[in-house]
Amino acid sequence: MTNDALVRIDSAFFAYPSEPDQIVLRDVSLTLEEGSFTGLIGPSGAGKTTLCRLLAGFVPHHFDGPFAGTAAIDGHDLSTATIGDLAASVGYVFESPHDQLTGANTTVFDEAAYALENLGIPAEEIRGRVRECLETVGIGHLADRHPQALSGGQCQRLALASVLAMRPKILVLDEPTSQLDPLGAEEVVQVIARMHDRGFTVVLCSQDIASYAPHADRLLLMEEGRITADGDPRSVLRHAAEREAPVAIPEPVRIGLELRRRGAVADTVPVPLSVVEAAVELSPLIGDLTPAPAKEDEPVASGAAGTVTVRAERIAHVYDGGVRALDGLEVTLDRGCVCLLGQNGSGKSTLAKHLNGLLKPTEGQVLIDDLDTRAHRVAQLAQQVGLAFQNPDDQLFKRTVEEEVAFGAKNLGHPADRVRRLVDDALTRLDLQQLRHRNPSELSLAARKRVAVASVVAMDTPVLVLDEPTGAQDAPGNALLGRLVDELTAEGKLVIAITHDVEFARLHATRIVVLAQGTVLLDGTPSEVFAQPGTLSTTFVLPPAVARIAAAAGIPQPPLATEQLLGRVLPTVP
Amino acid sequence: MIGYAPGDGFLHRRNAVTKLSWAASLSATVFLMPEAWMVWTVVALVALTTAAGGLARRLIRPTWTILLPFGISLAVLQGLFNPDNTTTVLSLGPVAFGLEGIVHGVLILGRLATVLLTFFLLLLTTTPKQLTAGLAARGVSPRFGYAILAAIEFVPDMQRRSQAVLASQQARGLDVKGSLGQRVKAFASLLGPLITGALIASDTRAMALEARGFSARGERTHLALERYGTVDRTAVWTAGLLFLAALGLKVL
């Protein structure tokens with residue numbers, strides 16, 4: 001243990017007051033050096049957020065459950081220091097973008113200045129710092145806007161700017177990019193990396209390991225409240241991959257490990273972490289490439305069309321205030337899993353709300369088979385189209401998971417025994433059987449999200465629209481939702497998924513529709529769409545990592561999956 | 001309905017505390033005045049000030065939107081049911097409108113007009129931050145200032161949430177435009193997530209506030225703090241004395 005440790009935690013145990021028997025931190029000991037960049041990885045419920053909260057003093061002061069052990073944060077003994085005492089040392093960015101607004105400011109500028117005013121920083125210095133930080137995170141032009149008028153992504157950047165302006169020694173970020181489009185997330189990670197370069201100590205918890213692992217100098221793997229691996233990112237990710245820990249291993253690591261397993265690269269060479277490193281490792285191995293197959297192996301929509309066809313005919317939608325969110329959009333959706341991609345504000349969610357009549361087009365028409373959404377109530381259209389929103393907390397209100405999942409099915413007037421069967425089936429598919437008698441509000445965000453999806457699945461509609469279905473899920477949760485989508489499409493349902501997760505789209509979409517500025521930019525199979533990285537970048541979408549690695553290594557017609565890539569580079573090695 | 005409108009008139013340039021003092025003083029004073037003509041003289045003076053500040057057009061519509069229906073209700077209720085009614089000004093069959101009641105209604109309406117106009121002027125020419133900064137500089141707790149700001153922001157915040165909840169429940173087949181029974185059911189399913197969501201949000205917000213130095217001890221900076229000079233000091237004292245004078249006259 002060195003002398004310049006900024007954080008020192010010894011044998012910490014903790015349980016939340018609502019569930020005192022459920023230990024969420026178990027014998028956690030940790031030292032963080034000044035200027036380090038530490039990533040926290042692990043499945044949902046592993047204790048990552050709780051550890052972040054401990055660093056800021058929320059545990060055990062705001063969440064005052066049973067706590068044992070000792071912790072010193074920047075010289076403050078956690079047993080006596082208050083959250084306020086730690087505020088000058090620790091800056092914290094929360095996952096939920098709007099909830100972390102102070103609610104006391106009417107402009108973005110004032111919101112970012114709020115903490116500095118509380119800390120008594122001189123006015124001129126506040127103005128300078130705030131302007132600089134807003135520019136740093138790319139929202140300088142929004143300084144006069146009302147914070148509540150920001151999108152989720154803009155709000156997350158504001159939260160980051162508000163914290164950066166405080167110049168805390170330690171930046172603690174809990175899923176700071178979960179609401180951002182891929183390039184937006186990449187930009188925020190770059191900002192965080194720059195802050196680290198300038199001397200900030202960074203602790204980042206995110207399921208998007210691939211985006212930040214190359215910048216981190218240490219990863220902690222947490223499982224069931226314990227730190228089970230601790231070291232440099234390459235060794236921790238290799239360790240996690242080899243023992244199949246429930247985390248999303250970045251594709252560069254996966255490819256690197258496969259090259260080592262097949263003997264193409266010496267086992268002692270550290271595995272690559274970034275797209276560039278993987279491409280550099282791959283390039284010398286490219287000899288006589290096997291030609292790309294005429295059609296890549298990718299999900300295929302079942303031959304028969306679904307039972308319902310959704311048609312948007314030259315629709316436009318203008319919100320009060322004049323924002324034109326959709327602009328002459330034309331698309332017909334009739335089978336398989338269609339993923340809608342596009343940057344924040346490209347019109348994806350607005351389109352989704354048109355598909356069940358929550359929004360009516362200001363021009364054009366939306367037809368669900370022959371039903372014109374303008375002439376029918378949402379409740380009537382819900383017989384055909386079920387929609388699960390991004391934020392589960394906007395819909396959960398029943399006392400048990402079971403009642404919650406039955407809510408939509410009952411509203412549609414299904415007989416009681418059918419409702420029971422549908423609920424049972426949805427609970428099984430979403431791995432919620434064990435939680436069926438629990439109160440939804442007591443569950444983790446990942447489980448609440450699955451309850452929200454289950455309640456729409458139980459409606460048994462021919463069309464399902466899922467807004468960011470994999471949000472807040474860990475690797476097993478992602479796999480579960482992927483399987484669900486595959487099963488639903490195999491049953492002939494039309495699934496429309498709005499997502500920023502290009503890996504999810506690659507694995508499960510039979511068709512991808514990319515939106516930009518309220519209209520269709522690209523429309524095709526995953527291979528067709530991801531083969532156009534230049535066009536995709538105009539709407540802040542990146543192709544899957546494998547395609548980017550292959551393209552950077554100079555492989556023509558870059559494949560989308562690791563197996564395809566290795567099959568072409570090392571065709572003779574099993 | 002009324003929010004801050006940027007400007008540089010003489011009312012915009014006055015300190016927020018000065019404007020709050022006058023709004024509070026005049027609003028309290030008119031409730032001590034016994035005669036309608038006195039109250040309406042105050043209303044006229046406030047209206048003249050509004051016009052001189054170039055703000056009349058912004059205030060006419062919101063003020064009348066409230067005063068007109070309230071005034072009609074007062075005229076009917078006071079004209080019909082005021083126990084002091086002795087002089088009939090209008091008879092419609094068995095129904096008689098009394099003069100005394102209508103005059104009393106005019107008095108009440110004048111008091112409401114004063115409260116509306118003075119506080120509308122305050123809101124129109126003062127940002128919430130200027131107000132809380134001004135109060136904090138006069139020794140009011142920052143927590144009280146936050147309560148004012150959060151209260152102002154509460155309504156639009158809840159509107160945003162309720163729209164999201166409503167959309168979410170409709171998407172699960174809830175009919176919000178059906179029979180009365182269906183609407184009652186819809187209301188319950190709206191209220192639940194609204195309250196739960198607000199509680200979850202308030203928990204995160206409480207942590208975010210603490211992490212941003214909400215409870216920090218020591219001197220605070222107020223970017224929105226305006227100059228509080230001799231003119232403002234004199235104006236605040238005058239507002240206080242006006243109220244005390246009205247109180248004295250009432251007691252005597």
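In the text below, chain A, chain B and the rest are named by the order of the sequence lines, each starting its count at 1. Note that these values count all heavy atoms, side chains included, but never hydrogens, waters or copies made by symmetry.
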Enquirer: Does B:Phe187 have more than 12 heavy atoms from other residues, nucleotides or ligands lying within 6.0 Å of its CZ?
Expert: no
Enquirer: Measuring heavy-atom distances to chain B, does A:His146 have an atom under 4.5 Å in its side chain, in its backbone, in both, or in neither?
Expert: side chain
Enquirer: With chain A as the partner, which of B:Leu194, B:Leu149, B:Leu225, B:Thr221 has the greatest number of non-hydrogen pairs under 4.5 Å?
Expert: B:Thr221
Enquirer: Where on A:Val163 is there a heavy atom nearer than 4.5 Å to chain B: the side chain, the backbone, both, or neither?
Expert: side chain
Enquirer: Report which part of B:Leu209 has an atom under 4.5 Å of a heavy atom belonging to chain A: side chain, backbone, both, or neither.
Expert: side chain
Enquirer: Against chain A, work out which of B:Ser215, B:Ala167, B:Ala150 has the most heavy-atom pairs shorter than 4.5 Å and name it.
Expert: B:Ala167
Enquirer: Of the listed residues (B:Gly192, B:Pro128, B:Gly213, B:Ala216), which shares the most heavy-atom pairs with chain A below a 4.5 Å separation?
Expert: B:Gly213
Enquirer: Any chance you could measure B:Leu223, atom CG, to A:Phe109, atom CZ, to the nearest 0.5 Å?
Expert: 6.5 Å
Enquirer: With no hydrogens and no angle check, is any side-chain donor or acceptor of A:Gln100 less than 3.5 Å from a backbone partner on B:Arg205?
Expert: no
Enquirer: Could you please spell out the steps behind the side-chain contact (heavy atoms from CB on, under 4.5 Å) verdict for B:Val176 and A:Arg377?
Expert: CA-CA 9 Å; B:Val176 295; A:Arg377 296 208 304 270; over 6 Å; no
Enquirer: Pick one of side chain, backbone, both or neither for A:Ala159, based on which atoms fall under 4.5 Å of a heavy atom in chain B.
Expert: both
Enquirer: So, B:Arg212 and A:Thr102: side-chain donor and acceptor under 3.5 Å apart, yes or no?
Expert: no
Enquirer: Heavy atoms only: give me the nearest B:Pro193-A:Phe397 pair and the separation to one decimal.
Expert: CD-CB, 3.3 Å
Enquirer: Tell me, for A:Ala113 versus chain B, whether the close heavy atoms (under 4.5 Å) come from the side chain, the backbone, both or neither.
Expert: side chain
Enquirer: What's the separation between atom NE2 in B:His222 and atom CD1 in A:Ile126, rounded to the nearest 0.5 Å?
Expert: 10.0 Å
Enquirer: Going by atom types only, do A:Gln148 and B:Arg160 share a side-chain donor-acceptor pair under 3.5 Å?
Expert: yes
Enquirer: Does A:Asp394 come within less than 4.0 Å of B:Arg161, counting only side-chain N to carboxylate O?
Expert: no
Enquirer: Working note: B:Arg172 + A:Lys410, criterion side-chain contact (heavy atoms from CB on, under 4.5 Å); need CA distance, chi angles, decisive distance, verdict.
Expert: CA-CA 9 Å; B:Arg172 294 198 294 167; A:Lys410 284 182 180 170; over 6 Å; no
Enquirer: Which value, rounded to the nearest 0.5 Å, describes the distance between A:Glu117 atom CD and B:Arg220 atom CZ?
Expert: 9.5 Å
Enquirer: With a 4.5 angstrom heavy-atom cut-off, is it the side chain or the backbone of A:Leu396 that approaches chain B, or both, or neither?
Expert: backbone
Enquirer: Which of the residues A:Ile121, A:Leu412, A:Leu381 is involved in the greatest number of heavy-atom pairs with chain B at under 4.5 angstrom?
Expert: A:Ile121
Enquirer: What distance separates A:Asp85 CG from B:Arg217 CZ, expressed to the nearest 0.5 Å?
Expert: 5.0 Å
Enquirer: With a 4.5 angstrom heavy-atom cut-off, could you sort out which part of A:Glu111 is near chain B: side chain, backbone, both or neither?
Expert: side chain
Enquirer: Given that the side chain runs from C-beta out, which part of A:Pro122 has a heavy atom under 4.5 Å from chain B: side chain, backbone, both or neither?
Expert: backbone
Enquirer: Looking at A:Ala123, A:Ser441, A:Ala104, which one has more heavy-atom pairs under 4.5 Å with chain B than the rest?
Expert: A:Ala104
Enquirer: Check whether more than 12 heavy atoms from other residues, nucleotides or ligands sit under 6.0 Å from atom CZ of B:Phe70, and answer yes or no.
Expert: no
Enquirer: side-chain contact (heavy atoms from CB on, under 4.5 Å), that's the test. Do B:Asp203 and A:Phe58 meet it? Break it down for me.
Expert: CA-CA 11 Å; B:Asp203 201 40; A:Phe58 300 138; over 6 Å; no
Enquirer: Name the region of B:Gln170, side chain, backbone, both or neither, that has any atom closer than 4.5 Å to a heavy atom of chain A.
Expert: both
Enquirer: Let me confirm one number: the CD-CG distance from A:Gln380 to B:Asp175, rounded to the nearest 0.5 Å.
Expert: 7.5 Å
Enquirer: Set out, in order, the CA-CA distance, both residues' side-chain angles and the distance that settles side-chain contact (heavy atoms from CB on, under 4.5 Å) for A:Tyr92 and B:Met207, then state yes or no.
Expert: CA-CA 9 Å; A:Tyr92 198 106; B:Met207 287 191 282; over 6 Å; no
Enquirer: Let me know if B:Phe214 has heavy atoms under 4.5 Å from chain A in its side chain, its backbone, both or neither.
Expert: both
Enquirer: Between A:Leu86 and chain B, with a heavy-atom cut-off of 4.5 Å, which part of the residue counts as in contact: side chain, backbone, both or neither?
Expert: neither
Enquirer: So how far is it from A:Asn118 CG to B:Glu210 CD, rounded to the nearest 0.5 Å?
Expert: 9.5 Å
